Each structure stands twice: as C-alpha cells, then as structure tokens.
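Inspection log for the structure reproduced underneath, given as structure tokens.
This structure is a prediction, so every number in the text was calculated from the model and none was measured. In the text below, chain A, chain B and the rest are named by the order of the sequence lines, each starting its count at 1.
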Amino acid sequence: MAEGKNFYARVYDVVKKVPAGRVATYSQIATIVSSPRAARAVGWALRALPQGHDVPWQRVINSRGMISIQNLRAPKMLQMRMLREEGVDVMTVDGNYFVDLEKYLWRSYSR
DNA sequence: GGTTTGACCCTAA
DNA sequence: ATTAGGGCCAAAC
C-alpha cells in the first residue's frame with residue numbers, strides 16, 4: 001500500500017480505509033504507516049489536510065476514544081455530529097466527546 | 001540545520 | 001484515581 005509516498009499520503013491512505021461507522025486511533029494509524037510512536041506525526045498529517053480532501057478524519061481519535069481536537073476549522077462538535085451520522089454512538093461527558101472503542105474500533109489486521 | 005510546535009501516548013508521583 | 005512531566009516522530013520557522 002503506497003509505501004513510496006510521503007508520510008502524509010500514507011496516513012491519508014490508511015484513514016480512507018477506515019469504514020464508515022468505525023473509528024481508529026492515532027497510534028493505530030501510526031503503527032500501520034510507520035512507527036507505533038508516531039502518533040503525533042499522524043496528528044500533524046491530519047492537521048494539514050488539504051482542501052477538498054476525501055479523508056474521513058473524523059474517524060480518527062485518541063486511544064481513550066476521546067476527541068481532543070482543538071482545530072478551529074474542525075470543531076469537536078462537527079466531528080461528533082459526523083460520527084453520529086455514520087451510526088457511531090458518541091457520548092458527551094463534561095463538554096468532551098467519547099466513543100466506545102471496544103465497540104467501534106476498526107480492526108483490519110488484528111482480529 | 002537547530003529550535004519549536006502539534007488533532008498524542010506512557011509512566012511516575 | 002487524577003495530575004504532571006517527559007518522550008516520540010515529522011514538518012514548519
């Protein structure tokens with residue numbers, strides 16, 4: 001899978017493979033594309049998403065299943081709504097949004 | 001080319 | 001259990 005591409009492209013490619021109604025974690029994406037410790041780099045890649053992208057960035061969350069996004073262009077509220085549109089049950093706790101990883105975590109290689 | 005930043009993660013106090 | 005700190009990787013300054 002596109003291993004010769006840039007880091008960005010690889011991250012996007014993996015995120016695109018996440019099916020609707022499922023979520024993936026940053027470290028999971030990092031593990032697939034490169035190193036398990038490159039979770040921050042994945043965040044960088046998603047942060048720099050180009051306009052007109054077709055990357056379902058809303059399906060990528062942290063390991064605790066919490067949405068800690070602070071990007072103005074992509075409010076947590078928006079992500080929460082998009083996930084719910086896909087059938088993912090998003091819980092609201094103290095202004096933060098949580099997703100049940102045990103239930104919605106994407107498992108492509110580990111099963 | 002060293003320093004800073006960032007949508008993170010893990011360990012220790 | 002909650003909070004604080006350091007570490008990791010890749011890009012922008």
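A single hydrophobic cluster is not seen to contain both M91(A) and L105(A); linkage of ILVMFWY side chains at heavy-atom distances under 4.5 Å, directly or through other members, places them apart. M77(A) and V99(A) fall within a single hydrophobic cluster, where Ile, Leu, Val, Met, Phe, Trp and Tyr side chains are chained together by heavy-atom contacts under 4.5 Å.
When DNA chain C is scanned 5' to 3' for any atom under 4.0 Å from a heavy atom of chain A, the first and last hits are dG7(C) to dA12(C). Between chain A and DNA chain B, the heavy-atom contact criterion of under 4.0 Å yields a 5' to 3' nucleotide range of dT5(B) to dC9(B).
Y104(A) is not listed as a side-chain neighbour of L83(A), based on a closest heavy-atom distance of 4.5 Å or more. Side-chain contact between D100(A) and F98(A): absent, with no pair of heavy atoms (C-beta onward) separated by less than 4.5 Å.
At the heavy-atom level, A41(A) lies under 4.0 Å from base atoms of the strands shown.
Residues satisfying the side chain to side chain donor-acceptor pair (under 3.5 Å) criterion with E86(A), sequence neighbours excluded, are Q58(A), R59(A). Residues forming a side-chain contact (heavy atoms from CB on, under 4.5 Å) with Q51(A) (at least two apart in sequence, or on another chain): none. Legend: residues meeting salt bridge (Lys or Arg N to Asp or Glu O under 4.0 Å) with D54(A), ordered by chain and number and at least two apart, are K16(A).
Residues R64(A) and Q79(A) both approach DNA chain B. Their nearest nucleotides, taken by heavy-atom distance, put Q79(A) toward the 5′ side. Nearer to the 5' terminus of DNA chain B, by closest-nucleotide assignment, is the contact made by W44(A) (compared with the other of I61(A) and W44(A)). Both R47(A) and A39(A) lie close to DNA chain C; mapped to their nearest nucleotides by heavy-atom distance, the more 5′-ward contact belongs to A39(A). Nearer to the 5' terminus of DNA chain C, by closest-nucleotide assignment, is the contact made by R40(A) (compared with the other of R40(A) and A48(A)).
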All N/O donor-acceptor pairs, side-chain side in residues 60-69 of chain A, below 3.5 Å, sequence neighbours left out:
unit_1	atom_1	unit_2	atom_2	d
N62(A)	OD1	R64(A)	N	3.3
N62(A)	OD1	G65(A)	N	3.1
N62(A)	OD1	M66(A)	N	2.6
N62(A)	ND2	M66(A)	O	3.1

